[in-house]
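I have placed the structure first, in the form of structure tokens, so that the comments after it can refer back to it.
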Amino acid sequence: MIFITGVSRAQITLWEDLKQASANDSIDVESGNSGYRNDDSMFAPEGMDLNVDSLLNLWNFNYFTRKQTSDGYSNPPTSDAEYKERLERLPRVIPMTFNETVRSCINLYTERSRSLTEYILGWSDFYFPMIEETLERYDLPLELKYLAIVESALNPIAQSRMGASGLWQFMLPTGKVYGLEINSLVDERRDPVKSTEAACKYFKDMYAIYGDWHLVIASYNCGPGNVNKAIKRAKGKSGFWDIYPYLPRETRMYVPLFMAVNYVMNYYTEHNLSPTIIPLPLSTDTVMINKEIHFDQIADILKIDKEQLRALNPQYKRDIIPGQSKPYVLTLPAVYAYGFVELEDTISSHRSDELFAHRSAPSDSPEKIRHTVRSGESLLAIANKYGVSVSQIRSWNGLKKSSKKIPAGQTLTIYADTGGYSLSSTSETSETTDEDAVVSPKKTKTKSSEKGSYSIYKVRSGDSFHTIAKKYPGVSAQELMKFNGTRNTSLKVGQRIKVPRV
């Protein structure tokens, strides 16, 4: 039941779609796009909780940032009166409250996680112009851009423990409701432009229901159902601080965190914080791709860093643009765009037989894949890997709705949209999934060992454990090193690396 008056039939239908998307995966997605630590301390967004160590080591942060921080500088004391006065001075449409809860959230960014905040400040110069332009087109308050910081710390490849992904941390079902393409090759939740469009559509839909930005922001975290339950329990009062005690615990901190980020991003110099330097091009251009293109082809011919291609195009999960099925966008530094147009035919033919050795004919039919569950792997993680839902995996494999964890070694049948690329080089009844077939060289061989089946990869110029792992989805650089019994990160051209099958 909806407890807000003046709601259209279309809005009710949208709401029901969102609830159904949640129900299909047996996840209380009404309880959020974001993940939060569930302990007795102050809730911190999962993007922050995970990222102090791991986020800063991800390729897009590690590879492109040049540290220029305030290490050694102290955070000067600030009185409550100063906090309140500064918040009131901000040009904004969304009201900013100051209280003890908001202050504790400000301290999270200015004291506990200073290094991460400085990385966020650096990346905001790259992402905010695009986000602001999109918000402007949708006639939305520009301060909503700061919600992406609460969600993902501006990391487009961030993925929460619950499976939410991208700058705006969409769950897979909600992303599909808002028109985002999610399959084995492309995940538009990780596309900064398209995911921002989807987030803006959500904001517009929710504001049409609530007419209150605090409630819109709360609903982004916990869903409209939980917001309406809180309003009912508050006996019809609909102010955020009125319903605060009745919201899910993590959502109580969500709006204060948003207010805190608004403060920090405008007054960071008052706390001796300085942005990192992000040497990504602020001037970029886009070209439409109507052929299958691999990042290696572009990098080889244009002499552009492949890691930069990944940073500018995070939606392509396997470094493949499947343009033979429909046009896709490629973002390039502006200085390379003209060269790409001139050399497109040369690029598409370069190493094509090698890079697309296991290509299958494009088909509208999904590919049947046999996936062997790894230790600790959840149904949600498997669903996100192949761009399907948990409920679909349960249906295909006759699993009960209560099934959340599957024993390691069990084989699941999955029907994945692979964009015309074979994820299984063997027959449909194969007991293992040869995901490396997407981009592995022709000469890759499969062997068996005491540890199970594995492939042999021959190291090429420019390879690292990380770049090799990117070619074999489901395998991390750390797992490759462990599997090969080494802690040495350096590789030699021609060296043979064992890659475990997953």
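Sequence positions, counted from 1, serve as the residue numbers for this chain.
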d(I382 CD1, E377 CD) to nearest 0.5 Å is 4.0 Å

**Derivation of the side chain to side chain contact (heavy atoms under 4.5 Å, CB included) call for H371 and Y386** = CA-CA 10 Å; H371 177 93; Y386 296 106; 2.8 Å; yes

inquiry  = Apply side chain to side chain contact (heavy atoms under 4.5 Å, CB included) to residues I320 and F356 and explain how you reach the verdict.
reply    = CA-CA 10 Å; I320 293 172; F356 299 113; 4.2 Å; yes

Smallest heavy-atom separation, L172 atom then A383 atom, equals CD1-O, 4.1 Å

- Do the non-hydrogen side-chain atoms of L379 and I406 ever get within less than 4.5 Å of each other? yes

Interatomic distance, CD1@I278 vs OG@S124, rounded to 0.5 Å, equals 9.0 Å

* side chain to side chain donor-acceptor pair (under 3.5 Å) evaluation trace for E197 with Y178 -> CA-CA 9 Å; E197 290 269 353; Y178 279 92; over 6 Å; no

CD1 (I347) and CG (D296) are apart, to the nearest 0.5 Å, by 12.5 Å

**Report entry** R351 side chain near D300 side chain, heavy-atom distance below 4.5 Å
**Finding:** yes

### Task
Go through the steps to decide whether L144 and I94 satisfy the test side chain to side chain contact (heavy atoms under 4.5 Å, CB included), and finish with yes or no.
CA-CA 9 Å; L144 285 171; I94 302 174; 3.8 Å; yes

Worksheet entry | Worked check of side chain to side chain contact (heavy atoms under 4.5 Å, CB included) between F465 and I497 | CA-CA 9 Å; F465 277 109; I497 299 297; 4.2 Å; yes

- Item | Q392 side chain to S389 backbone, donor-acceptor under 3.5 Å | yes

Nearest heavy-atom approach of I393 to L399 is O-CD1, 4.4 Å

Scanning both residues in full, the closest heavy-atom pair of P192 with Y127 reads CG-CE2, 3.7 Å

When every non-hydrogen atom of W213 is compared with those of P141, the smallest separation belongs to CZ2-CD, 3.4 Å

Parallel, tilted or perpendicular: which fits the ring planes of Y220 and F203, with parallel below 30° and perpendicular above 60°? tilted

Within 6.0 Å of CD in E136, more than 12 heavy atoms from elsewhere:
no

request  = Kindly say whether G323 contributes a backbone atom to a donor-acceptor pair with the side chain of N290 at under 3.5 angstrom?
outcome  = no

Quiz item: Would you say L121 and T276 make side-chain contact, with heavy atoms under 4.5 Å?
Solution: no

Of all heavy-atom pairs linking V261 and V150, the shortest is CG2-CG2, 3.8 Å

(message) Tell me whether D345 is salt-bridged to K291, with the criterion being a basic N under 4.0 Å from an acidic carboxylate O.
(response) yes

Item checked: Y138, OH: over 12 other non-hydrogen atoms inside 6.0 angstrom -> yes

#### Entry: Side chain proximity check, Q324 to P322, heavy atoms < 4.5 angstrom
yes

Under a 4.5 Å cut-off applied to non-hydrogen side-chain atoms, are L412 and W396 in contact? no

Charged N to carboxylate O under 4.0 angstrom, K194 versus E188? yes

Check: Does a side-chain heavy-atom distance below 4.5 Å link N155 with I157?
Finding: yes

OG (S195) and CG (L180) are apart, to the nearest 0.5 Å, by 7.0 Å

- Query: Is there a donor-acceptor pair closer than 3.5 Å between any side-chain N or O of Q297 and the backbone N or O of H350?
  - Reply: yes

TODO: For side chain to side chain donor-acceptor pair (under 3.5 Å), just list the numbers for Q308 and Y336, CA-CA rounded to whole Å, side-chain angles, deciding distance to a tenth of an Å, and then say yes or no.
DONE: CA-CA 12 Å; Q308 190 170 86; Y336 287 95; 5.7 Å; no

From the list R189, R190, K326, K317, salt bridge (Lys or Arg N to Asp or Glu O under 4.0 Å) partner of E181 resolves to K326

State, with a plain yes or no, whether a side-chain heavy atom of C105 is found less than 4.5 Å away from one of Y263.
no

Smallest heavy-atom separation, L154 atom then W123 atom, equals CD1-C, 4.0 Å

Rounded to the nearest 0.5 angstrom, the CZ-CD1 distance for F340 and I301 is 11.0 Å

task: Keeping the roles fixed (side chain from Y202, backbone from S219), state whether a donor-acceptor pair exists under 3.5 Å.
output: yes

d(M130 CE, F128 CZ) to nearest 0.5 Å is 10.0 Å

Discussion item. Using a 3.5 Å distance criterion without hydrogens, assess whether the side chain of N313 forms a donor-acceptor pair with backbone atoms of T331.
Written reply: yes

>> Determine whether a donor-acceptor pair (N or O, by modelled atom type, separation under 3.5 Å) exists between the side chain of S152 and the backbone of L167.
In response: yes

Student check: side-chain heavy atoms of E151 and F258 closer than 4.5 Å: no

